[in-house]
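Heads up, the thing below is written out as structure tokens.
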Amino acid sequence: MALLTLQLGQCGNQLGREMFDMAHSAGHDPDPHLTPEDLHTYRRRVNHVFFTEAPPSGGGDALEGSGLVANAVQIDMEEKVVQGNIKSRRSGSSPWSYDPRLKHCKARGAGNNWANGYSSYGPLVAPDVLDTVQRALERMDSHSGFLVAMSLAGGTGSGLGTFVSEQVRDAFPKSFILSQVVWPYSSGEIILQDYNTLLSLSHLSQVSDGIVIFHNEDMQNICHRRLRLPHVTFSDINRVISSHLLGVLLPAAGTDYTPNSFGNTLTHVCCHPEYRLLSAKCVPHVSKEVVPFTNSNWETLERDLKQMLISDSPIDECLNWNMSVKSPNINRSLANMVVSRGTKTSNSPQKSGANQMSAFLDCAIYCNSTGLDEPCAYAHSSKQFNGLDKSMYLLSNSQSTAKPVDKLVQKCWGMFSNKAYLHQYSQFNVGESDFLDCFVALEGVIKAYDAL
């Protein structure tokens, strides 16, 4: 079933463009290990999830003959990035495009203030945004849910993104919503980023089925240390984020050959309404120059990915191998989704079933309160991804996701106690009582994870 992506703010729109580029490549790149029939089937499934076929020429539609159109709505209070996305994908060399009618822009941004985006722009643009979302859904022949791409630090992405998420939840109460959020650098991008992050996470935790968090610093470290990029750009970071998420969301099938649908994945990893914070990991991380010489095997990838999980490492480098499932302070999970992609062999996960994924079925890495008979779900696709012969991807609901939230709450409480910068929010009708409600909500989330 098709997935509709809502791209919010500069970060969300730039990230969405990289994601659709990568999704298209994943579906259309050749794979010498697959038959033409298998490639055609996989390409059709990828197109069905992320794109819609534009109507053929002759019907008077503005997108006639333009091929694949992204299942996306672009929303930003400044139109520069949105217009750049549309123009860059209108060229004849682009294999897909954005529908220029599925966007909503204004002339001026929210000034990096969550309250401005939420309280001022939110009520102003929400009716038109919902109308655009409805029109986007009507051209899709099915709908599995919403992927909301946004930053936690700015004003439009965080503030307006939060308001739009709440409105989408009210308008489509039975649809799944996965919020894909980018955590700001700890060194500080803007002076209000901690408050903005606090307010966003508090509200999103009430309306999203899952919140998958990507930390800018972790993604930059992957670019520097594993991909060997000398000058890391936001495009590089967005590509790393996209590869982590698409590794789980692209078509694959479980041991019973049931497709890994968006709804099934979210229902599994977010198995309890109090636990909605997610992290994503993948192996291997290798530079383009090293890819042709990479010869991984499934056992090594599984071992490294499990060690990254229990030691809470975002990168497959300098892992703490002294930590084992018997260690007292490992990062324990509620539920995990593991997807392997690449060359099918006699011992690939889809061939050998639970025996191949025994490391992630070890009950020692899970909390006793998970309530799931099988806390790890897994799927496999024989189609290579990102040029890698074999790769593995993890979407995890674990204790470590709450740790940065706890630090954030403590830092914001110190600022709040001294009334620092509160006037920046009160001018847009976000007062101290609103902050207190957010503190209470996030402290509840932290307490729930601490109790595991």
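What you see is a predicted model; the values in this text were computed from it and never measured. Residues take their numbers from the sequence shown, with the count starting at 1.
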Approximate separation, where rounding is to 0.5 Å, of [X] [atom1] and [Y] [atom2]:
X      : Y      : atom1 : atom2 : value
Met219 : His224 : CE    : NE2   : 13.5 Å
Leu15  : Asn238 : CG    : CG    : 4.5 Å
Ser398 : Asp312 : OG    : CG    : 6.5 Å
Ser333 : Phe360 : OG    : CZ    : 8.5 Å

Once salt bridge (charged side-chain N to carboxylate O under 4.0 Å, His left out) is applied, do any residues pair with [X], and if so which ones, sequence neighbours excluded?
X      : result
Asp304 : none
Arg239 : Glu18, Asp236
Asp316 : Arg226
Arg44  : none

message: Does the plane of the ring in Phe146 sit parallel, tilted or perpendicular to the ring in Phe172? Use 30° and 60° as the thresholds.
response: tilted

Measure from the side-chain N and O atoms of [X] to the backbone N and O of [Y], and report whether any donor-acceptor pair falls under 3.5 Å.
X      : Y      : answer
Glu317 : Ile222 : no
Gln193 : Tyr185 : yes
Asp218 : Pro314 : no
Ser202 : Leu198 : no

If we count only N and O atoms by modelled type, under 3.5 Å, do the side chains of [X] and [Y] hold a donor and an acceptor together?
X      : Y      : answer
Glu53  : Asn47  : no
Asp406 : Tyr449 : no
Arg303 : Thr300 : no
His215 : Ser186 : no
Ser340 : Trp298 : no

Run the side-chain contact (heavy atoms from CB on, under 4.5 Å) test against [X] and tell me which residues pass, sequence neighbours left out.
X      : value
Met140 : Ala2, Leu4, Thr52, Asn71, Leu137, His143
Arg276 : Pro273
Ala171 : Leu130
Asn221 : Arg225

- prompt: Which salt bridge (Lys or Arg N to Asp or Glu O under 4.0 Å) pairs, counting each pair once, include a residue from residues 30-40, with sequence neighbours left out?
  reply: none

- line: Sorted by chain and number, sequence neighbours left out, ring-ring contact (aromatic ring centres under 6.0 Å, His included) with Phe163 holds for Tyr118

- line: Contacts of Ser208 meeting side-chain hydrogen bond (donor to acceptor under 3.5 Å, both in side chains) (sequence neighbours excluded), chain-then-number -> Ser179

Those residues that, when tested against Ser327, pass side-chain hydrogen bond (donor to acceptor under 3.5 Å, both in side chains) (two or more places apart): none

- prompt: Which heavy-atom pair separates Asn397 from Asn336 by the least distance, and what is that distance?
  reply: N-OD1, 4.1 Å

field: Atom of Gln180, atom of Ile241 and distance for their closest heavy-atom approach
entry: NE2-CG2, 3.3 Å

field: Ring centres under 6.0 angstrom apart (Trp183, Phe214)
entry: no

